[in-house]
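Have a look at the structure below before the remarks.
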Amino acid sequence: MTTYAIQPAAPVTLPIEGTDKVFPVARVFCIGRNYAEHAREMGHDPDREPPFFFMKPANAVTTTGQFPYPPGTSDVHHEMEMIVALAKGGRDIPEDKALDCVYGYGVGLDMTRRDLQGEAKKLGRPWEIGKAFDYAAPCSGLKRAADIGHPVDNRITLDVNGKRRQDSTLNKMIWSVPETIAYISRYFELLPGDIIMSGTPEGVAAVVKGDTLVGEVEGVGRLEVVVV
Ligand code: MN
């Protein structure tokens, strides 16, 4: 039996609607610039620069409904996204088999220290300081694909203090869910428990302490988060 020198961290989990089980999160892959209008609002040309991915640590995932305003920044943005949770992994997964890997779906916020991310971009440095900080991924619970199928054109919205900030549909994603899974699996062996944040539509903006964020992908999930 293994004896740990220190207490190992508890697994990060997401609740699953309609079951008493929880989903253990392995890694968090995030897709950048997966909606053309968001790429444009960030100053990029989606016809010339395809989406790409980056990661957050699993322990950035939080389901408490609270987002502690992070240190070292004065420009924290919301990015409302659909989450894809994998029950199966693999390498070189073909697009037409990719959805067989999906356990379920949820919604999440890819919270971003935009000022620090911008500085990192300018200096050609990694993005972790802007994207991978503590509590940077408030998430909803999951719904099983076995129950809801695979969402394709559902509406994705985010309201801040009752005012709509983001409003789009999943079919505007440049990389579809199967394309994303196939793409990542060419570079990494995907694992059961990996989740994918599938990218944000246009309308990203700053939050301040006291804001209430309500994000929804119709038929998939709803998330309410207070900035504290
Ligand atoms: Mn994002």
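We count residues from 1, following the sequence as given. Since the structure is predicted, the reported quantities are computational estimates derived from the model, not experimental observations. Excluded from the calculations below are hydrogen atoms, water molecules and symmetry mates; all remaining heavy atoms, backbone and side chain alike, are included.
Taking hydrophobic clusters as Ile, Leu, Val, Met, Phe, Trp and Tyr residues chained together by side-chain heavy-atom distances below 4.5 Å, I174 shares a cluster with I184. Using a 4.5 Å cut-off between side-chain heavy atoms of Ile, Leu, Val, Met, Phe, Trp and Tyr, with links allowed through other members, Y187 and M197 fall into different hydrophobic clusters. F23 and V177 are assigned to two separate hydrophobic clusters, defined by single-linkage of ILVMFWY side chains at heavy-atom distances under 4.5 Å.
Between I156 and M80 the shortest side-chain heavy-atom distance falls below 4.5 Å. By the 4.5 Å heavy-atom criterion applied to side chains, R165 and D159 are not counted as neighbours. In this structure, F54 and D110 have side chains that are in contact, with non-hydrogen atoms separated by less than 4.5 Å. The side-chain heavy atoms of I195 and V61, taken from C-beta on, include a pair separated by under 4.5 Å. Within the 4.5 Å cutoff, the side chain of E41 has heavy atoms near those of the V204 side chain. Proximity of L170 to M82: side-chain heavy atoms (C-beta onward) are separated by under 4.5 Å at one or more points. Contact annotation: the side chain of L223 never approaches that of V214 to less than 4.5 Å [non-hydrogen atoms, C-beta and beyond]. With a 4.5 Å cut-off on side-chain heavy atoms, L14 and V22 do not count as touching.
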>> Go through it in stages, so that I can follow the logic: the residues are E224 and R222, the test is salt bridge (Lys or Arg N to Asp or Glu O under 4.0 Å), and I'd like the CA-CA distance, side-chain angles, deciding distance and then a yes or no.
In response: CA-CA 7 Å; E224 184 165 337; R222 185 180 179 278; 3.6 Å; yes

> Passes salt bridge (Lys or Arg N to Asp or Glu O under 4.0 Å), R40 versus E37? Steps please.
Replying inline: CA-CA 5 Å; R40 288 191 192 99; E37 284 310 313; 2.6 Å; yes

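Taking the charged nitrogens against the carboxylate oxygens, E79 and R114 do have a contact shorter than 4.0 Å, which makes a salt bridge.
In this structure, the side chain of N34 does not engage the main chain of P51 through any donor-acceptor pair within 3.5 Å. In terms of modelled atom types and a separation under 3.5 Å, the side chain of D194 and the main chain of L191 share a donor-acceptor contact. Distance alone, capped at 3.5 Å, is enough to place a donor-acceptor pair between the K56 side chain and the K131 backbone. In this structure, the side chain of E179 engages the main chain of S176 through a donor-acceptor pair within 3.5 Å. Between the side chain of S198 and the backbone N or O of I83, no donor-acceptor pair lies under 3.5 Å. Distance alone, capped at 3.5 Å, places no donor-acceptor pair between the T63 side chain and the S140 backbone. A donor-acceptor pair is defined here as one N or O able to donate and one able to accept, closer than 3.5 Å; such a pair exists between the side chain of R113 and the backbone of I129. Proximity of a side-chain donor or acceptor of Q166 to a complementary backbone N or O of P201 within less than 3.5 Å is detected. Between the side chain of K143 and the main chain of G106, no donor-acceptor pair closer than 3.5 Å is present.
Judged purely by distance below 3.5 Å, without hydrogens or angles, the side chains of E202 and H38 never pair a donor atom with an acceptor atom. T169 and N171 form a side-chain donor-acceptor contact under 3.5 Å, judged by distance and modelled atom types alone.
Within a 6.0 Å radius of NZ in K121, more than 12 heavy atoms belonging to other residues, nucleotides or ligands are found. The local environment of CZ in R164 is crowded, with over 12 non-hydrogen atoms from other residues, nucleotides or ligands closer than 6.0 Å. Around atom OH of Y183, more than 12 heavy atoms belonging to other residues, nucleotides or ligands sit under 6.0 Å away. Heavy atoms from other residues, nucleotides or ligands lying under 6.0 Å from CZ of R91 number 12 at most.
Distance CZ/R33 to OG1/T200: 13.0 Å, rounded to 0.5 Å. In this structure, CD on E81 lies 11.0 Å from CG on L158, to the nearest 0.5 angstrom. Taken from CE in M173 to CG in D153, the straight-line distance is 10.5 Å, to the nearest 0.5 Å. Taken from CD in E216 to OG1 in T157, the straight-line distance is 5.5 Å, to the nearest 0.5 Å. In this structure, CG on L190 lies 5.5 Å from CZ on F29, to the nearest 0.5 angstrom. In this structure, CG on N161 lies 4.5 Å from CG on D211, to the nearest 0.5 angstrom.
Two rings, from F53 and F188, have their centers less than 6.0 Å apart. A ring-centre distance under 6.0 Å is found for W127 and F52.
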